[in-house]
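Reviewing the structure listed below.
Atom set for the values below is all heavy atoms of this structure, side chains included, hydrogens, waters and symmetry mates excluded. In what follows, chains carry the letters A, B, and so on, assigned in the order in which the sequence lines appear, proteins first and then strands, with residues in each chain numbered from 1.
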Amino acid sequence: MRKLLLQNGWRSPLTLPAPAPSEAALAELGAEVDRAARRRLGRSLAIREVDAGSCNGCELEIHALNNAFHDLERFGFHFVASPRHADVLLVTGPVTVNMREALERTYAATPDPKWVVAVGDCGRDGGVFAGGYACVGGVAEVIPVDLHIPGCPPNPMQLLEGLLALLQVVQ
Amino acid sequence: MRATNAKPDLLVVLGAGQPVTGHRPWPRFVVTVETWNALLAGLAKGAWTLLGLWGEPGMVHLAVHEFETGAPGIASLPCPTGEFPSVGRWHPPAQRLERAVADLVGLQPVAGPDLRPWLDHGRWPLRHPLGSPTAPAEALPPYPFLPTEGESLHQIPVGPVHAGIIEPGHFRFTANGEAVVRLEERLGYVHKGIESLLNGATLERAARLVGRVSGDSTVAYALAFARAVEAATATEIPARAHWLRALMAELERLANHCGDIGAICNDAAFALMLAHCAVLRERVLRASVACFGHRLLMDCVIPGGVAVDLPADGVPILRALLAEMRRAFPPLVELYDNTASLQDRTANTGTLDPALVQQFGCGGVIGRAAGRAFDARREPGYPPYDQLEFEVPVRRESDVNARVWIRIREVEQSLALIEELLERLPSGPVQGALNQPGRLVEGMALVEGFRGDILLWLRLAADGTVARCHPRDPSWFQWPLLEAAIEGNIVADFPLCNKSFNCSYSGHDL
């Protein structure tokens, strides 16, 4: 273990340079955010991920945000275990009928100010699963959404671009 | 050892029924109740392994595999009265499957040991979506969890929204102090109605849908769908397509196993492994997108072949990946092997009775960590694996540690397979035209994903659209065993046990 840790000391980091915030995301977020909220949050946003029906593809790419290449925490984002600790809900999936109430209750448990980011084509409008008896559709059908990050699934860079746009608006 | 001259008992029993023409590659028979009951008796005795149980209006299908002869077969029982003799009554692995049949199709298992709804949470706007849909007459009563009695017992409800970045499901723990006395799972939260969406879909749309049954196994699902379509339409595809499919499937296995090894160690609070394994996983995904245009390889396998050929620089990219993996992976294996505090958490934790694994026909890493050597690439097998050399690692301890080691060995096997695939990759086209069915045809496929064997059965209409398609995730036979594995362990070890299984919620809930 010591050898591995030492090697990491002199190897150059794998972390990729930060992408520019997504223009599309900035446009969608355009609305001014409360000044007081910005002061309170500083450069730190706590994210609660909620799978509301995804195929787990989006989860894999959200996980990849935490690896050494993308290192999400350098931007002040971190994932938290409870909606009560969260500023941002990162919601994936076509919201299934069976998950609707759980999503509503998670949203209600998140303290204000809060933002909702709908991830993936499914989170936007149900994606390939739209139209059946078992899916409600996009996240916005159930709770208010501030930002959509499309893709099937969006890759970590696309997720970063969207989240950085959110950070810029919040700060 | 495969006994070529053994009497195919399963086919003899099934043979009493009426064979269905146009069902490939394995036979399907429409059977009587007597044959159905004979099959249940064989399943109960452990003569065969249950592969799947699903329904359609007026008929229930039972897929069974006989290991000795390598012959899967399907029995279809007409249910004119909307009932069928319960399979779960004699063979517990079928219980959740038949509860799903009752929910989705409306066919009731007679004398079923568990008649509670499974996927239907009483929230859909209709009942029996795959049968004769009706509006729900009345609200379902609250789900009755199994009772637990005892003075010192307490219950811990967890989910459906969990603490990590994972899929939703509900776990009801009953604990005596720290020790888990019973875990009861409640799934179905991510039921998307995929089977219903598949009805009437074009092959193109159906392939996209099936590729998203469980996103982490997208290659394996797309492969199962493509193989079933090709079987149904009796289409031969070019050799290069077979080899590229295997290349993608091994990349998928590699990426997922790397991620899982790291995540299991992380759940034992050893974050260093996660950090390093996540880097390896990311390297695989980067090579995948460079070669085939999608990090998870979604929509790359299509009926008729593969959607993208390996580009000219693909071979060097993958060889560089192999070199990097071979440099970086062995020190991590050594790290795992030499960290006593980590092994202290994984060894003898979440131990599973190998007899249960056999009974449930539990595939994948969980099965192979408990002495069940089944691997669909070998048995019944499919190209190009019949021309490739690889080992199927097996251990017997059946604990979290054994599941980690099986993954480690499978990473090594996948690296060797990718090398062999690259060396001997045939040239030529990567897509062939599908034969037009022209009439109702049926096909099935059994494919080894990183999680275990995926069964896919389908019926195509004369115009080539999907008339009915049923994908069965390996998790159906793994989730119930998690309940058994956790018994007697401490509550705090549940994440560790759960991660060592890594069952799919989405694949199961469908």
Side-chain angles (χ1 to χ4, degrees), chain A residues 1 3-5 7-8 14 47-70 79-83 90 92-103 105-106 109 120-122 126-136 152-153 155-156, chain B residues 119-121 123-126 129 133 159-168 188-194 196-197 205 208-209 211-218 255-256 259 263 272 274-276 278-279 281-283 285-286 289 294-296 298-299 331-332 335 338-339 504-507 509:
Chain A
M1 175 154 46
K3 202 172 138 204
L4 262 176
L5 290 170
Q7 280 174 344
N8 286 337
L14 296 166
I47 305 177
R48 172 66 259 218
E49 199 269 348
V50 183
D51 175 343
S54 99
C55 74
N56 77 31
C58 286
E59 277 62 36
L60 294 175
E61 294 298 54
I62 292 170
H63 266 295
L65 285 173
N66 278 327
N67 70 30
F69 286 86
H70 304 111
F79 288 95
V80 293
S82 165
L90 200 60
T92 63
V95 182
T96 62
V97 175
N98 287 351
M99 269 305 284
R100 179 183 195 135
E101 188 190 343
L103 177 59
R105 287 169 66 169
T106 305
D121 289 349
C122 297
V128 286
F129 303 113
Y133 64 92
C135 293
V136 182
C152 188
N155 66 41
Chain B
L119 299 177
D120 188 349
H121 291 195
R123 296 169 186 270
W124 303 333
L126 47 85
V161 178
H162 295 165
I165 306 172
I166 52 170
E167 301 178 74
Y189 288 93
V190 284
H191 176 78
K192 293 180 270 290
I194 294 176
S196 150
L197 293 170
R205 169 161 162 77
R208 281 180 63 81
L209 270 167
R212 286 159 180 77
V213 168
S214 183
D216 50 14
S217 305
T218 180
N256 284 312
L272 183 63
L274 175 68
H276 281 275
V279 167
R281 178 183 158 83
E282 180 69 21
R283 289 197 192 281
L285 301 190
R286 287 174 169 259
V289 70
H294 194 285
R295 284 166 54 90
L296 306 180
M298 273 178 174
D299 308 319
L332 297 181
L335 177 63
N338 292 338
T339 307
S504 173
Y505 299 72
S506 184
D509 293 354

Just verifying a value: how many Å separate [X] [atom1] and [Y] [atom2], rounded to the nearest 0.5 Å?
X	Y	atom1	atom2	result
A:Cys122	B:Arg212	SG	CZ	8.0 Å
B:Leu274	B:Arg281	CG	CZ	11.0 Å
A:Asp121	A:Phe129	CG	CZ	11.0 Å
A:Leu60	A:Leu65	CG	CG	11.5 Å
B:Glu167	A:Ser54	CD	OG	6.0 Å

Most chain B-contacting option - heavy-atom pairs closer than 4.5 Å, from [options]:
options	value
A:Gly53, A:Cys55, A:Ala81, A:Ala68	A:Cys55
A:Ala64, A:Gly57, A:Cys58	A:Gly57
A:Arg100, A:Glu61, A:Arg105, A:Lys3	A:Glu61
A:Asn67, A:Val95, A:Leu103	A:Asn67
A:Val50, A:Leu14, A:Asn155	A:Leu14

Should [X] and [Y] count as side-chain neighbours, where that means a heavy-atom distance under 4.5 Å?
X	Y	result
A:Phe79	A:Ile62	yes
B:Tyr505	A:Asp51	no
A:Arg48	A:Ser82	no
A:Asn56	B:Ser214	yes

Contacting region of [X] [heavy-atom separation from chain B under 4.5 Å]:
X	answer
A:Phe69	side chain
A:Thr92	neither
A:Ala130	backbone
A:Val80	backbone
A:Leu5	side chain

Measuring heavy-atom distances to chain A, does [X] have an atom under 4.5 Å in its side chain, in its backbone, in both, or in neither?
X	value
B:Ile165	both
B:Ile194	side chain
B:His162	backbone

Please identify, among [options], the residue contributing the most non-hydrogen atom pairs under 4.5 Å to chain A.
options	result
B:Asp216, B:Val289, B:Leu296	B:Asp216
B:Ala275, B:Gly164, B:Pro331	B:Gly164
B:Ala263, B:Pro129, B:Ser196, B:Pro125	B:Pro129
B:Gly159, B:Gly507, B:Ser506	B:Ser506
B:Arg283, B:Arg286, B:His294	B:Arg286
B:Gly188, B:Pro168, B:Pro160	B:Pro168

Quick one: do B:Val161 and A:Met99 satisfy side-chain contact (heavy atoms from CB on, under 4.5 Å)? Show the steps, please.
CA-CA 9 Å; B:Val161 178; A:Met99 269 305 284; 4.0 Å; yes

So that I can tick it off, tell me whether B:Asp509 and B:Lys192 are bridged by a salt bridge, with the cut-off set at under 4.0 angstrom between side-chain N and carboxylate O.
no

Are B:His191 and A:Tyr133 linked by a side-chain donor-acceptor pair shorter than 3.5 Å?
yes

